[in-house]
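Heads up: the structure comes next, in structure tokens.
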Number of protein chains: 2
Amino acid sequence: MVTDKRTHIMERAIELFAEKGFEGASVRDLATQADVNIAMVNYYFGTKEGLFQQIVETRMATTRDKIEEIAANKTLSEIEKVDLIIELYVEGFLSQPGFHKMIQQEMLVTKREGMHEKLINTFIQNTNNFNSIIEKGIRKKVFTKVDAPLVFATIIGTVNQILKSKIVCNVFAGYNKNYDPYKDEQFKKRLITHIKQLIHSHLLNK
Amino acid sequence: MVTDKRTHIMERAIELFAEKGFEGASVRDLATQADVNIAMVNYYFGTKEGLFQQIVETRMATTRDKIEEIAANKTLSEIEKVDLIIELYVEGFLSQPGFHKMIQQEMLVTKREGMHEKLINTFIQNTNNFNSIIEKGIRKKVFTKVDAPLVFATIIGTVNQILKSKIVCNVFAGYNKNYDPYKDEQFKKRLITHIKQLIHSHLLNK
DNA sequence: TTGAATTAAACAAACGTTTAATTAATTTTT
DNA sequence: AAAAATTAATTAAACGTTTGTTTAATTCAA
């Protein structure tokens with residue numbers, strides 16, 4: 001039950017950090033939400049920042065490894081790889097909206113330098129892996145000569161933009177305020193379709 | 001000299017808010033950066049949140065009005081309007097990176113509900129104006145049947161992604177760490193070209 | 001002389017963290 | 001297997017700082 005409590009605190013913390021930001025979410029708030037004593041946060045994670053780092057380190061490695069795996073795969077074509085990465089980001093972001101909101105905020109803020117740099121470095125790795133796929137496609141002449149890193153920025157940026165607010169997202173989806181688009185399989189497909197069509201016509205345009 | 005001091009505080013506050021977030025930037029910090037007494041912030045803006053709101057209200061109306069103007073224009077074609085909006089966002093974002101970082105953070109955070117809703121509403125207005133352009137283009141059969149609100153999300157999202165960190169941006173641009181891509185005219189052109197090509201092949205694809 | 005601008009000092013409240021005491025669980029010894 | 005000893009988990013209370021804001025006095029300009 002020890003690790004259960006640890007992960008429980010982390011899970012509740014993700015939602016609070018996403019909602020209020022790192023500074024905006026107080027330790028007392030975190031403890032109340034997780035239904036534990038205030039001192040438990042420091043007991044398990046040392047500091048508030050330690051808790052944040054634990055969350056990031058645990059969850060961010062997954063996406064990075066998956067992208068690395070896709071990039072290194074030798075049986076997939078370049079366009080198949082691009083499609084897989086699009087699906088990976090949409091599914092990952094929509095299934096863990098809180099976590100990715102957290103990350104987005106921290107990428108904007110340069111206050112906690114160590115944390116910020118760690119995020120940037122992982123992101124740069126992902127960019128490089130994506131670039132290598134695109135560049136190979138261009139060399140093979142299956143892709144047009146596109147601006148690879150900016151194509152990556154478009155994919156991530158589009159999903160991030162959707163993630164920015166559920167309300168805005170509802171306007172996009174045209175549904176009512178109580179409906180949760182992140183949990184809707186149809187909305188997910190719609191987003192994937194949009195990005196794929198967009199990127200395909202850009203990459204494969206003659 | 002009164003308004004000068006007011007705007008001076010606002011200008012310095014934008015940079016601090018962008019760098020550290022709303023909660024992360026303390027009033028003492030703001031006062032020190034603007035080289036004024038701590039009490040002056042409350043004297044001019046009532047509260048810290050009042051300062052934030054003043055900044056947002058002053059600057060955000062400009063973009064909204066420009067988009068409305070473009071959408072209402074009767075001499076421009078639909079594709080010309082789309083191009084103008086792309087240029088508007090890239091130029092606006094790159095010339096005022098601090099302000100737009102601030103906005104991005106506040107759109108992610110739902111703590112200050114009033115502020116958040118105001119941002120969302122303005123954004124929804126912009127989305128609707130953009131949609132009406134796209135829908136007209138589709139009706140005229142000069143555009144393919146695209147997902148208009150998601151196309152808008154792609155444009156904004158791409159620029160926002162670029163804005164997320166100067167370091168990441170430098171990796172995109174392939175330059176050294178001291179170079180400031182936001183001030184580089186060539187990088188701006190590169191970004192505009194990428195988005196235009198991307199959106200064009202998506203909208204005009206047969 | 002009147003009102004605005006500016007200041008240093010103080011305010012209570014909230015912050016992250018630590019402490020010291022207590023309970024619960026585990027291990028060691030009998 | 002029971003008792004004792006040891007470690008881990010949990011708690012309420014307090015720690016010193018920092019927070020945003022206010023006050024009351026002072027300087028400045030009209």
Side-chain angles (χ1 to χ4, degrees), chain A residues 1-58 102 105-106 109-116 118, chain B residues 1-58 102 105-106 109-116 118:
Chain A
M1 285 289 168
V2 177
T3 31
D4 272 348
K5 202 157 206 170
R6 258 184 72 97
T7 51
H8 174 67
I9 294 173
M10 286 166 78
E11 278 166 12
R12 300 301 307 133
I14 288 173
E15 301 309 316
L16 252 179
F17 280 141
E19 205 177 299
K20 305 186 172 186
F22 179 80
E23 335 275 345
S26 75
V27 179
R28 277 165 187 80
D29 221 351
L30 291 166
T32 308
Q33 288 289 330
D35 203 37
V36 295
N37 188 278
I38 322 164
M40 295 311 286
V41 172
N42 296 87
Y43 178 75
Y44 280 123
F45 306 97
T47 61
K48 184 187 175 185
E49 200 167 336
L51 164 60
F52 193 94
Q53 286 183 347
Q54 269 296 310
I55 293 170
V56 172
E57 275 165 30
T58 311
M102 237 181 75
Q105 284 182 56
E106 204 60 18
V109 163
T110 48
K111 211 187 178 192
R112 288 163 294 288
E113 272 195 44
M115 184 82 281
H116 185 73
K118 193 174 279 179
Chain B
M1 284 292 168
V2 177
T3 30
D4 272 349
K5 201 158 204 169
R6 258 185 72 98
T7 51
H8 174 67
I9 294 174
M10 286 167 78
E11 277 165 13
R12 299 302 308 133
I14 288 173
E15 300 311 315
L16 252 180
F17 281 141
E19 204 178 299
K20 305 187 172 184
F22 180 79
E23 335 276 344
S26 75
V27 180
R28 274 165 189 80
D29 220 353
L30 291 165
T32 308
Q33 288 290 328
D35 202 37
V36 295
N37 189 277
I38 321 163
M40 295 310 287
V41 172
N42 297 87
Y43 178 74
Y44 281 122
F45 306 97
T47 61
K48 185 186 175 185
E49 201 166 335
L51 165 59
F52 194 94
Q53 286 183 347
Q54 269 296 310
I55 294 170
V56 172
E57 274 164 32
T58 311
M102 238 182 74
Q105 285 183 56
E106 203 61 18
V109 161
T110 49
K111 210 187 177 192
R112 287 163 296 286
E113 273 195 43
M115 185 81 281
H116 185 73
K118 193 174 279 181

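Reminder, nothing fancy here: chain letters follow the sequence lines and each chain counts from 1. Quick caveat: nothing in here was measured; it's all calculated off a predicted structure.
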B:Tyr44 OH to D:dT21 P, in whole Å, measures 17 Å
Between CG of A:Asn42 and P of D:dT11 the distance, given in whole Å, is 14 Å
To the nearest angstrom, the NZ-P distance between A:Lys111 and C:dG16 comes to 11 Å
B:Tyr43 OH to D:dA25 C1', in whole Å, measures 15 Å
Between the CD atom in A:Glu15 and the CD atom in A:Glu19, the distance rounded to the nearest 0.5 Å is 8.0 Å
Atom CG of B:Asp4 and atom C1' of C:dA5 are separated, to the nearest Å, by 14 Å
Heavy-atom donor-acceptor pair, A:Gln54 side chain to A:Phe45 backbone, under 3.5 Å: no
**Q.** Aromatic plane relationship, A:Phe17 with A:Phe52 - under 30° parallel, 30 to 60° tilted, over 60° perpendicular
**A.** perpendicular
> Under 4.0 Å between a side-chain N or O of B:Lys48 and OP1 or OP2 of D:dT19?
Replying inline: no
Go through it in stages, so that I can follow the logic: the residues are B:Leu30 and B:Arg12, the test is side chain to side chain contact (heavy atoms under 4.5 Å, CB included), and I'd like the CA-CA distance, side-chain angles, deciding distance and then a yes or no. CA-CA 7 Å; B:Leu30 291 165; B:Arg12 299 302 308 133; over 6 Å; no
Salt bridge (charged side-chain N to carboxylate O under 4.0 Å, His left out) pairs touching residues 23-37 of chain B, sequence neighbours excluded, are B:Lys20-B:Asp29, B:Glu23-B:Lys111, B:Glu23-B:Arg112
Rounded to whole Å, the CZ-C1' distance (A:Phe45 to D:dA9) equals 14 Å
When rounded to whole Å, the CZ to P distance for the pair A:Arg6 and D:dA8 reads 15 Å
The correct set of residues in residues 21-41 of chain B placing a heavy atom under 4.0 Å from DNA chain C is B:Arg28, B:Asn37, B:Ala39, B:Met40
Residues pairing under salt bridge (charged side-chain N to carboxylate O under 4.0 Å, His left out) where one sits in residues 37-52 of chain A, two or more places apart or in two chains, turn out to be none
